[in-house]
Amino acid sequence: MYKKMYLILFKAITEALKKADAVEIKTILCQAQIDAEEVCMNSDEEI
């Protein structure tokens with residue numbers, strides 16, 4: 001679970017660093033946070 005969450009966030013950060021528009025950067029990072037949280041919430045692993 002943690003590896004999947006890490007990869008979601010790492011890929012989003014990498015993508016965001018290529019952008020110049022602050023709104024687009026915020027959108028990318030916020031969506032990655034939502035996606036990573038969903039992985040955590042849908043996982044059967046204990047935290």
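It should be emphasised that the depicted structure is a prediction, and the values quoted were computed from it without experimental measurement.
If you take CD on E15 and CD on Q31, they are separated by 11.0 Å, rounding to the nearest 0.5 Å. Taken to the nearest 0.5 Å, the CG atom of N42 stands 11.5 Å off from the CD atom of E37.
F10 is linked by a ring-ring contact (aromatic ring centres under 6.0 Å, His included) to Y6, counting only residues two or more places apart in sequence or in another chain.
For A32 against I8, the heavy-atom pair with the smallest separation is O-CG2, 3.6 Å.
Residues L17, I25, L29 make up the rest of the hydrophobic cluster containing I13, defined by ILVMFWY side-chain heavy atoms closer than 4.5 Å, directly or through other members. In the hydrophobic clustering, where aliphatic and aromatic side chains (Ile, Leu, Val, Met, Phe, Trp, Tyr) are joined below 4.5 Å either directly or transitively, I28 stands alone.
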Run M1 and M5 through side-chain contact (heavy atoms from CB on, under 4.5 Å) and show every step you take. CA-CA 6 Å; M1 166 187 61; M5 293 168 59; 3.7 Å; yes

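Of the possible donor and acceptor atoms, one in the side chain of T27 sits under 3.5 Å from a partner among the backbone N and O of V23.
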